[in-house]
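For reference, the structure discussed in these notes is given below.
As the structure is a prediction and not an experimental result, all values here were calculated from the model. Note on naming: letters A, B, ... go to the chains in the order of the sequence lines (proteins, then strands), and numbering restarts at 1 for each one.
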Amino acid sequence: MTVTLRINGDLRSFATDPMRPLLDLLREDCLLTGAKSVCREGFCGACTVHLDGAPVPSCLVPVGLVGDREVTTIEGLGLAGEASDPLQQAFIAEDVVQCGMCFPGMVMSLGPFIAAHPGASAEEIRQAMTGNLCRCTGYERIVEAALTALGAPR
Amino acid sequence: MGAPSEGRLIRAESVEAALAASASGARFLAGGTWLMRAPVRGERLSGCFVTLSGIEGMARVEAGPDRVEIGAGVTHEALAAALSGLSGLGALRAAARGAANPGVRRLATIGGNLCAVDFAASDLAPALIALGAEAACETADGPLRLPVEEFLARRAALLPGALLRSVSVPLGPARSAHARLPLRKAGDYPVAILSLAAVIEGGAVKAARVGVGSVEPVARRWPGLEAALAGAPLDPDSAAEAARARLGDFAPRDGVEAEGWYRIEVLPALVRRAAAALLAGDAG
């Protein structure tokens, strides 16, 4: 079956199984490896991408259900090497990244959240992160960086 | 992976088309969050599927004076948003807002949640049971409407010949609350879930409905506790004591998150929490 998707602004067609996880198509066919394949059951958040701006675990999305929604991966947020938004800038400035496995997902989940909740508290940020696991357990620094991105007092 | 597969995913534009696809062997596909985890459960994601998102009204929530009609394709996130401001539905709002994690809540639908026969830990199921909701199905023989607890108990036999079209939740004088116990906050399946709805008049419980999920393989009412709560003031500690005296009402399931004995052992605490939340009025 031919599946046509708009990925990071480009319209592309694929001859593939419509029940294939979007995650696998992104990584294997598009070589967009920022989304990580970890738990593959929607618990860890490492594969988070945006569908029309909404963060979702791409391991649970069959490519045949994407439809005309815009797919944005971490690679689509900005040019390589550039921290394109306050959240990424805060992550770099505060040296938050540890092993890096969870970070594309963290950015993809937290970015829209803090944009939509400019007055978010630390607790609200933690709640927004319940679907993103950090095996290095660096959560507090991530929360602090998110608060920095919001310009919130610590 | 990657082989072209014509006919593997059918997009139904009508109930009739969906039922026809089902009759020819296709499985209904809603948000995909249960089916896509088939490989993790050691199952193959084989066969054909029919997606229901193209059917008119599947993703709509309509609030009338007496009932709220929830299309089966409404996601948890959309449901939580749609229920804000409606009094009495605190249990359902809390269930929709607290299940799984934010990303899964954006995908997983109420219909998929109720139709995943092997999924015991649905948050929506006990909330809908406590609220007296009904499942509205379409079948080849016509519409079929039945209480959610009956739908859940019969769904293995009803599906796939029946398409869950919507869920209808009555609005009334009852207040409701939802309590769940995941072992970790981050997205775990709760080991036990309890929803409580109660009509309180003159300081006493006039009527109560209790839904219990994740304890047995299928969510159900707790009639013994409902009877015990009726006629007396709602007191969290007394309600927990009444629950403890009736733990033998359950035949709990063992699972990787918890053994059966633990699932019932925590029920009194969940009853206490639900009663306290209901009385505090933060449950809607």
> What's the shortest heavy-atom distance between A:Met108 and A:Thr48, and which atoms?
Replying inline: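 For A:Met108 and A:Thr48, the tightest heavy-atom pair comes out as CG-O, 3.3 Å.
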>> Between A:Val63 and chain B, with a heavy-atom cut-off of 4.5 Å, which part of the residue counts as in contact: side chain, backbone, both or neither?
In response: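 A:Val63 has no heavy atom closer than 4.5 Å to chain B.
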>> With a 4.5 angstrom heavy-atom cut-off, is it the side chain or the backbone of A:Cys44 that approaches chain B, or both, or neither?
In response: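 Neither the backbone nor the side chain of A:Cys44 comes within 4.5 Å of chain B.
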> When the aromatic ring centroids of B:Phe119 and B:Tyr189 are compared, is their separation below 6.0 Å?
Replying inline: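 That pair passes the under 6.0 Å test.
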By a 4.5 Å heavy-atom criterion (distance strictly below it), what part of [X] contacts chain A: side chain, backbone, both, or neither?
| X | value |
| --- | --- |
| B:Leu29 | side chain |
| B:Val40 | side chain |
| B:Ala38 | neither |

> Where do A:Glu75 and A:Thr73 land on the side-chain hydrogen bond (donor to acceptor under 3.5 Å, both in side chains) test, with the steps shown first?
Replying inline: CA-CA 5 Å; A:Glu75 292 89 347; A:Thr73 70; 2.6 Å; yes
> Nearest 0.5 Å, what's the CZ-CG distance between A:Phe43 and A:Leu60?
Replying inline: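 Reported value, rounded in 0.5 Å steps: 9.5 Å.
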> How many angstroms lie between OG in B:Ser195 and CD1 in B:Ile193, if you round to the nearest 0.5 Å?
Replying inline: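 Spacing of OG (B:Ser195) from CD1 (B:Ile193) equals 7.5 Å.
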> Which of the residues A:Pro57, A:Gly45, A:Gly64 is involved in the greatest number of heavy-atom pairs with chain B at under 4.5 angstrom?
Replying inline: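 Heavy-atom pairs under 4.5 Å are most numerous for A:Pro57.
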